[in-house]
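Values below: all heavy atoms of this structure, side chains included; hydrogens, waters and symmetry mates excluded. FYI, the numbering just counts along the sequence from 1.
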Amino acid sequence: NNGNLKRISFVGRLSPEKGPELFCKSAFYYLRYNRDCSFHIYGDGPLLSQLKERYEKFVEFHGFESDMSKVYAETDILVMTSEFENCPMVILEAGSYGIPCVAPKVGGIPEIVIDGKNGYLFEDRDEKSISSLLDKIFSSYSSFSQNAYIESRKYFFERIRIEWNTVISQMYS
């Protein structure tokens with residue numbers, strides 16, 4: 001993060017089911033009241049030109065980025081706006097960098113984002129809901145960041161291997 005400017009990012013495909021326009025609307029709404037932050041989209045897809053045309057004044061569009069460590073180094077909060085997901089890798093990766101997440105309460109996301117601990121879940125798909133959750137995270141940012149890192153460790157390969165070995169050995173004992 002560069003200085004005190006808070007960076008809020010969306011990482012993913014710019015297609016209708018991923019909800020990037022909700023992220024952009026949230027940026028427009030949030031920036032009316034909070035000038036010490038910036039909104040960033042990392043990704044490409046069929047909605048890119050339409051979103052740029054409407055929201056370029058409020059959101060910085062970076063396009064596809066292959067160096068994810070650069071993306072996460074430049075992100076304070078990850079916002080996911082998908083209509084459905086299973087186990088999004090982007091949330092796990094962000095957590096491993098200590099980045100809390102605001103995400104929809106769909107699919108497997110509530111197993112990864114523990115509401116009020118390493119991020120927040122939303123059910124109302126509107127910019128006001130997302131904006132209020134951003135404020136809640138920023139008000140206790142260091143705690144959310146630390147918890148994001150701790151929760152992400154549950155998904156490290158070594159831990160999963162140990163758990164599977166335990167399950168398998170119990171089956172044969």
Side-chain angles (χ1 to χ4, degrees), residues 6-32 34 37-138 144-145 147-148 151-152 154-155 157 160:
K6 301 167 187 163
R7 294 177 58 100
I8 302 159
S9 297
F10 172 100
V11 177
R13 182 160 168 71
L14 304 182
S15 55
E17 73 280 0
K18 297 295 184 181
E21 186 156 22
L22 177 56
F23 176 82
C24 293
K25 287 179 180 178
S26 298
F28 172 75
Y29 181 83
Y30 196 76
L31 289 169
R32 291 176 18 202
N34 301 281
C37 63
S38 58
F39 285 76
H40 304 265
I41 287 185
Y42 297 90
D44 200 352
L47 298 178
L48 178 62
S49 60
Q50 174 186 330
L51 293 172
K52 265 186 157 177
E53 187 177 304
R54 288 186 191 159
Y55 300 102
E56 203 165 32
K57 293 178 183 174
F58 313 102
V59 177
E60 192 173 328
F61 292 85
H62 299 273
F64 174 78
E65 176 60 64
S66 60
D67 182 1
M68 293 309 293
S69 61
K70 176 184 177 222
V71 171
Y72 296 129
E74 297 176 349
T75 297
D76 292 308
I77 296 177
L78 177 75
V79 175
M80 174 173 273
T81 52
S82 298
E83 292 179 15
F84 53 87
E85 286 287 346
N86 183 14
C87 179
M89 197 64 175
V90 68
I91 293 176
L92 297 174
E93 290 174 350
S96 72
Y97 285 83
I99 300 168
C101 187
V102 171
K105 190 175 184 177
V106 298
I109 293 175
E111 294 180 39
I112 305 169
V113 177
I114 312 306
D115 199 41
K117 184 175 182 182
N118 63 336
Y120 279 106
L121 300 169
F122 62 86
E123 293 185 64
D124 296 334
R125 297 186 58 78
D126 65 64
E127 55 274 14
K128 292 175 188 167
S129 297
I130 291 172
S131 293
S132 71
L133 297 177
L134 293 173
D135 280 339
K136 285 181 174 185
I137 291 176
F138 282 131
F144 278 96
S145 177
N147 289 333
E151 287 297 316
S152 76
K154 292 179 180 177
Y155 298 93
F157 176 75
I160 293 170

(request) For residues Tyr55 and Phe28, establish whether the separation of their ring centroids is below 6.0 Å. (result) no
(message) Looking at every heavy atom in both Arg125 and Gly19, which two are closest together, and how far apart are they?
(response) NH2-CA, 4.3 Å
(request) Apply side-chain contact (heavy atoms from CB on, under 4.5 Å) to Tyr29 and list each qualifying residue two or more places apart in sequence or on a separate chain. (result) Arg32, Tyr33, Glu127, Lys128, Ser131
(request) Indicate the ring-plane relationship of Tyr30 and Phe138, choosing parallel, tilted or perpendicular according to the 30° and 60° boundaries. (result) tilted
(request) Would you check if Pro46 and Arg13 make a side-chain contact, meaning some heavy-atom pair closer than 4.5 Å? (result) yes
(message) If I take atom CD1 from residue Ile77 and atom NZ from residue Lys6, how far apart are they, to the nearest 0.5 angstrom?
(response) 8.5 Å
(message) Would you compute the distance between atom CZ of Phe23 and atom NE2 of His40 and round it to the nearest 0.5 angstrom?
(response) 8.0 Å
(message) So Ser38 and Glu60, do their side chains get closer than 4.5 Å, heavy atoms only?
(response) no
(request) Give a yes or no answer on whether the side chain of Ser96 reaches the backbone of Ser152 with a donor-acceptor pair at less than 3.5 Å. (result) no
(request) Give, for atom CD1 of Ile91 and atom CE of Met80, the distance between the pair rounded to the nearest 0.5 Å. (result) 4.5 Å
(message) Go through it in stages, so that I can follow the logic: the residues are Glu85 and Lys18, the test is side-chain contact (heavy atoms from CB on, under 4.5 Å), and I'd like the CA-CA distance, side-chain angles, deciding distance and then a yes or no.
(response) CA-CA 9 Å; Glu85 286 287 346; Lys18 297 295 184 181; 2.6 Å; yes
(request) Please report the shortest heavy-atom distance between Ile114 and Glu151, naming the atom on each side. (result) CG1-OE1, 3.7 Å
(message) Show the nearest heavy-atom pair for residues Ser129 and Ser132, with the distance to one decimal.
(response) O-OG, 2.9 Å
(request) Give the minimum heavy-atom separation between Cys87 and Ile112, together with the two atoms involved. (result) SG-CD1, 3.6 Å
(message) Return the NZ to SG distance between Lys57 and Cys24, rounded to the nearest 0.5 Å.
(response) 14.5 Å
(message) Apply side-chain contact (heavy atoms from CB on, under 4.5 Å) to residues Ile130 and Thr81 and explain how you reach the verdict.
(response) CA-CA 9 Å; Ile130 291 172; Thr81 52; 4.1 Å; yes
(request) Provide the closest heavy-atom pair for Ile99 versus Asp76 in the form atom of the first, atom of the second, distance. (result) CG2-O, 3.5 Å
(message) Quick one: does any side-chain atom of Arg7 pair with a main-chain N or O of Glu74 as donor and acceptor, under 3.5 Å?
(response) yes
(message) Per the ring pair (Phe, Tyr, Trp, His ring centres under 6.0 Å) rule, what does the pair list look like for residues 92-120, sequence neighbours excluded?
(response) Tyr72-Tyr97, Tyr120-Phe144
(request) Starting at CD of Glu53, measure out to CG of Leu51 and round the result to the nearest 0.5 Å. (result) 10.0 Å
(message) I'd like to know if the side chain of Asp44 and the backbone of Gly63 have a donor-acceptor N/O pair within less than 3.5 Å.
(response) no
(message) Rounded to the nearest 0.5 Å, what separates atom CD in Glu17 from atom CD in Glu83?
(response) 7.5 Å
(message) Consider side-chain contact (heavy atoms from CB on, under 4.5 Å). Of Val59, Leu48, Val79, Leu47, which one does Pro20 pass it with?
(response) Leu47
(request) Give the C-alpha distance, both sets of side-chain angles, the deciding distance and a yes or no for side-chain contact (heavy atoms from CB on, under 4.5 Å) between Ile8 and Phe39. (result) CA-CA 5 Å; Ile8 302 159; Phe39 285 76; 3.5 Å; yes
(request) Kindly indicate whether the side chain of Leu31, heavy atoms from C-beta on, has any atom under 4.5 Å from the side chain of Cys37. (result) yes
(request) Locate the shortest heavy-atom distance separating Pro104 from Ser82; write the atom from each residue and the value. (result) CG-O, 3.1 Å
(request) In sequence, state the C-alpha distance, the side-chain angles, and the governing distance for Val11 and Glu93, and then conclude on side-chain contact (heavy atoms from CB on, under 4.5 Å). (result) CA-CA 11 Å; Val11 177; Glu93 290 174 350; over 6 Å; no
